[in-house]
Every structure is written in C-alpha cells, then in structure tokens.
Amino acid sequence: MNLGLEGKVALVTGGGQGVGRQICIELAGEGAAVVVNDLFAERAQAVAGEIEAAGGRALAAPADITRPEQVDAMVRLAAEHFGKPISVLVNNAGIVPERREKGGRTPLFLDMPVADWAKVVDLNVYGTMHCCRAVLPGMIEHGAGRIVNIISEAGRVGEAQLAVYSGAKAAIAAFGKAIAREHGRHRITVNSVALGAVSHAGIKDGPLSVGATVDNDERLGKMLNLYPIAKGLGRLCRPEDVSGVVAFLASERALFVTGQTLGASGGFVML
Ligand SMILES: NC(=O)c1ccc[n+]([C@@H]2O[C@H](COP(=O)([O-])OP(=O)(O)OC[C@H]3O[C@@H](n4cnc5c(N)ncnc54)[C@H](O)[C@@H]3O)[C@@H](O)[C@H]2O)c1
C-alpha cells in the first residue's frame with residue numbers, strides 16, 4: 001500500500017527516544033522528510049543522524065514545545081529548511097511526571113502536589129495546542145494536513161494513580177475532535193492513537209524497561225495479563241508495534257478517518 005507520504009514534511013514532537021523515535025524512523029522510511037523535535041538537542045540529533053545514515057531526510061529541531069515562541073521558530077525553520085510547510089504533525093511528546101514513590105508507584109490524586117499538575121498539563125495539553133496552532137496555517141494554505149496525537153488508554157478509561165495524566169490525555173483527544181470539525185473543510189484530519197504500556201530503551205527500570213522479564217520483575221507478569229495480545233506474545237508492546245498505525249493515520253489513505261481515537265494497546269481497552 002502506497003501511503004503517499006513521499007516528499008511530505010512531518011514534525012514529530014519528542015522524537016528523540018521511545019515511541020517518537022520509532023515514528024520518525026517509520027515516516028522517514030515512507031519517504032517523508034522528518035523534523036525530529038526533542039527538548040534535548042543531542043537526542044534529536046541522534047535520531048536525525050540515524051535517518052540520514054539510512055538514506056532518509058531529517059532535521060533535528062530541538063525546542064521546548066511548552067514554549068509557543070520556540071514552537072513557532074521551529075516550524076518556521078523547518079519550512080525554510082525543506083522548502084515547504086509541515087503537512088504531518090505527530091503530537092507525541094508527553095510525560096507522566098506524577099512523582100514516583102518507592103517501588104515505582106505514582107501517587108493517588110490527593111497525594112499529588114498541585115505544582116506537579118502543571119507539568120503534566122503543560123506538556124501534554126498546551127504542547128499539543130501550541131504545535132497545532134503553529135502548523136495549521138500552513139496546512140490550511142495547502143488544503144491538506146494530518147495531525148496524529150499520541151494519547152494513552154488512561155485518557156479513555158481513566159487510570160488510578162495517573163489522574164492528572166488521564167485527564168490531560170482525554171483533553172487532547174477532545175481538543176483534536178474539535179479541531180477535526182473546524183478544519184475538515186481544509187481537508188485536514190485529526191486523530192488520536194491511544195497506547196497502553198510500551199516498553200523501550202528510554203525506560204531504565206521497572207516492568208517497561210527492555211531488560212524486564214517475568215522472571216526478574218513480578219509486575220511484568222501481572223501487566224501482561226491486562227493486554228490480550230501481550231499475553232499471547234509474552235511481551236509488552238514496543239514502539240515498532242505502533243509506529244505503523246501512526247503512519248497510516250498520517251497517510252493519504254486515511255483521508256476519511258478523522259476525529260477518531262484508535263486504541264493500539266493490544267486489547268487493553270475495547271470500546
Ligand atoms: N511508554 C508508555 O508506556 C506509554 C504508554 C501510554 C502512552 N504513552 C505516550 O506515548 C508518548 C511517548 O511516550 P514515550 O514512552 O516514548 O516517552 P519518553 O518520555 O520516553 O520520550 C518522550 C520524549 O519527549 C521529549 N520531551 C519531553 N518534554 C519535552 C518538551 N517540553 N518539548 C519537546 N520534547 C520533550 C523527551 O526528551 C523524550 O525524548 C507520550 O505521549 C506518552 O504519554 C506512552
């Protein structure tokens with residue numbers, strides 16, 4: 001299937017590691033020129049270098065997406081660099097900074113300091129909004145665009161000890177639907193992909209780290225039982241299990257898919 005991504009310019013936020021890194025690599029493999037954003041320049045440069053070494057086109061674009069002026073400058077730079085505006089935006093950067101207590105547990109809502117709420121909302125919600133605001137004018141001008149938000153199943157069903165994060169991810173999906181309604185007439189689609197637990201090299205310890213096995217981490221065995229496909233595979237989801245889903249939603253082939261949230265969590269949630 002030709003996804004029609006050849007020659008498109010795609011911006012992936014938080015593309016320096018984990019899920020975002022793999023989305024960058026996937027889109028570049030489909031022929032897109034990829035703007036690899038990350039808060040950490042060295043991460044963005046490493047992924048852009050990987051893409052270029054494989055024969056693709058990429059631009060490392062370090063910026064803090066919670067800062068609208070940095071987002072605007074990044075989008076301008078990308079358009080200048082590739083000679084055309086961004087037509088695919090993947091809002092991937094997101095964190096779970098609810099402070100982890102001993103044993104890797106995050107706190108209940110009532111135990112979470114108010115100051116920590118802002119970090120979650122700033123990156124997940126405002127970061128997504130800043131990026132949408134920056135790329136939409138170029139998409140409108142060209143009468144086409146794809147926006148894919150990476151959310152969490154926590155945003156669809158709520159998760160204990162991730163209350164603020166759950167609310168922030170739900171906000172992104174609802175915001176995306178509203179934008180989808182406002183800009184369908186410009187042939188811009190906006191969708192969200194809801195992830196469950198994804199294991200990758202950027203996660204250093206606990207059941208989501210790449211070194212975790214059911215023998216050395218008893219929580220992993222319990223987690224696998226929550227995800228029908230993971231249970232079948234005997235492992236958690238990996239970035240390469242979801243990057244193709246994102247590429248499809250970013251593609252020409254998904255023109256009539258908009259305002260949707262697609263679960264890519266191995267059956268953790270079935271709506
Ligand atoms: N890994 C999981 O289990 C999981 C589960 C559900 C949803 N998700 C979602 O998937 C997305 C990616 O998750 P991940 O595990 O790959 O995350 P990660 O934390 O490993 O990587 C996120 C990247 O975003 C960058 N970043 C952080 N703040 C930034 C900012 N202000 N501006 C620009 N970049 C910034 C980080 O430097 C990092 O490289 C997130 O939205 C996350 O909420 C992940």
Side-chain angles (χ1 to χ4, degrees), residues 11-25 35-48 60-71 73-75 89-98 100 104 106 118-131 134 148-157 159 162 164-173 176 192-210 212 219-220 223 226-227 230 235-243 245-246 261-266 268-269:
L11 166 63
V12 181
T13 68
Q17 73 170 30
V19 174
R21 169 184 167 274
Q22 194 60 39
I23 293 169
C24 290
I25 290 169
V35 184
V36 184
N37 160 260
D38 205 279
L39 184 60
F40 299 102
E42 64 278 13
R43 291 186 188 176
Q45 282 154 2
V47 174
D64 179 350
I65 63 155
T66 67
R67 306 279 300 274
E69 70 284 358
Q70 291 192 25
V71 172
M74 169 175 69
V75 168
L89 166 65
V90 182
N91 289 307
N92 164 78
I95 38 164
V96 187
E98 274 125 322
R100 288 189 186 275
T106 47
K119 291 178 202 156
V120 185
V121 175
D122 266 0
L123 178 57
N124 286 286
V125 182
Y126 281 96
T128 296
M129 290 179 176
H130 294 321
C131 291
V148 184
N149 301 316
I150 305 303
I151 67 159
S152 165
E153 294 289 26
R156 297 210 289 176
V157 295
E159 193 159 337
L162 287 176
V164 178
Y165 177 76
S166 299
K169 290 300 196 186
I172 294 173
S192 297
V193 176
L195 307 182
V198 183
S199 165
H200 62 75
I203 299 172
K204 297 301 174 206
D205 48 36
L208 272 60
S209 63
V210 289
R219 282 173 301 167
L220 179 58
M223 283 181 84
L226 301 172
Y227 300 91
R235 66 163 176 84
L236 290 175
C237 179
R238 295 173 183 156
E240 56 271 29
D241 298 316
V242 296
S243 55
V245 176
V246 176
T261 297
L262 178 57
S265 61
F268 179 67
V269 171

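All ligand and atom numbering here is 1-based and tracks the order in the structure. Computed from a predicted model, the values in this text were never measured in an experiment. Keep in mind that the numbers below use all heavy atoms, side chains included, and drop hydrogens, waters and symmetry copies.
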* **Closest to atom 35 (C) of ligand 1 among Val47, Val90, Leu39 (heavy-atom distance)** => Leu39
* Near Tyr165, which atoms of ligand 1 are under 4.0 Å from a heavy atom of that residue? -> 6 (C), 7 (C), 8 (N), 9 (C), 42 (C), 43 (O)
* Among protein heavy atoms, which lies nearest atom 15 (O) of ligand 1, and at what distance? -> His200 NE2, 2.8 Å
* To do: State the atoms of ligand 1, each with its element, that fall below the 4.0 Å cut-off from a heavy-atom position in Val19.
  => 12 (C), 16 (O)
* Under 4.5 Å between any side-chain heavy atoms of Ile65 and Leu123, yes or no? -> yes
* **side chain to side chain contact (heavy atoms under 4.5 Å, CB included) between Arg235 and Asp241, intermediate numbers included** => CA-CA 12 Å; Arg235 66 163 176 84; Asp241 298 316; 2.9 Å; yes
* Side chain, backbone, both or neither: Ala63 near ligand 1, heavy atoms under 4.0 Å -> backbone
* Distance to 0.1 Å, residue and atom name: give those for the protein heavy atom nearest to atom 25 (C) of ligand 1. => Asp38 OD2, 3.4 Å
* Asked: Which of these, Arg21, Arg67, Arg238, Gln17, has its nearest heavy atom closest to atom 20 (O) of ligand 1?
  -> Gln17
* Asked: Which residue and non-hydrogen atom of the protein lie closest to atom 10 (O) of ligand 1, and at what distance in Å?
  -> Ile150 CG2, 3.4 Å
* **Those atoms of ligand 1 less than 4.0 Å from some heavy atom in Phe40** => 37 (O)
* Counting distance only, does the side-chain N/O of Gln70 pair as donor-acceptor with the main-chain N or O of Asp64 below 3.5 Å? -> yes
* **Atoms of ligand 1 close to Leu208 [distance to a heavy atom under 4.0 angstrom, numbered from 1]** => 3 (O)
* Close-contact set for ligand 1 against Ala197 heavy atoms, below 4.0 Å -> 3 (O)
* Below 4.0 Å from any atom of ligand 1, is there a heavy atom belonging to Gly202? -> no
* **Test item: Thr13 side-chain N/O and Asn91 main-chain N/O as donor-acceptor pair under 3.5 Å** => no
* Compute the minimum heavy-atom distance from Glu153 to ligand 1 and say whether it is under 4.0 Å. => no
* Quick one: side chain to side chain contact (heavy atoms under 4.5 Å, CB included) partners of Ala197, sequence neighbours excluded? -> Leu208, Met223, Tyr227, Leu236
* Structure fact -> If we number the atoms of ligand 1 from 1 as shown, the ones under 4.0 Å from a heavy atom of Asp64 are 30 (C), 31 (N), 32 (N)
* Distance filter under 4.0 Å to Ile151 heavy atoms, resulting ligand 1 atoms -> 7 (C)
* Heavy-atom proximity to atom 30 (C) of ligand 1, best of Ile203, Leu123, Val12, Leu236 -> Leu123
* **For atom 5 (C) of ligand 1, the option (of Cys131, Gly14, Gly196) bearing the nearest heavy atom** => Gly196
* To do: Could you tell me which atoms of ligand 1, counted from 1 in the order shown, lie closer than 4.0 angstrom to a heavy atom of Asn37?
  => 33 (C), 34 (N)
* Asked: Any donor-acceptor pair under 3.5 Å linking the side chain of Asn37 with the backbone of Gly14?
  -> yes
* Asked: Taking only residues at least two apart or on different chains, which pairs with a member in residues 193-210 satisfy salt bridge (Lys or Arg N to Asp or Glu O under 4.0 Å)?
  -> none
* **Identity and distance of the protein heavy atom lying nearest atom 40 (C) of ligand 1** => Asn92 O, 3.1 Å
* Asked: Under 4.0 Å from ligand 1, counting heavy atoms only, is it the side chain of Arg43, its backbone, both or neither?
  -> side chain
* Protein contact to atom 32 (N) of ligand 1 [nearest heavy atom, distance to 0.1 Å] -> Ile65 N, 3.1 Å
* Asked: In this structure, which one of Val193, Val245, Leu262 forms a side chain to side chain contact (heavy atoms under 4.5 Å, CB included) with Val148?
  -> Val193
* Option whose closest heavy atom lies nearest to atom 1 (N) of ligand 1, chosen from Val198, Leu195, Thr13 -> Val198
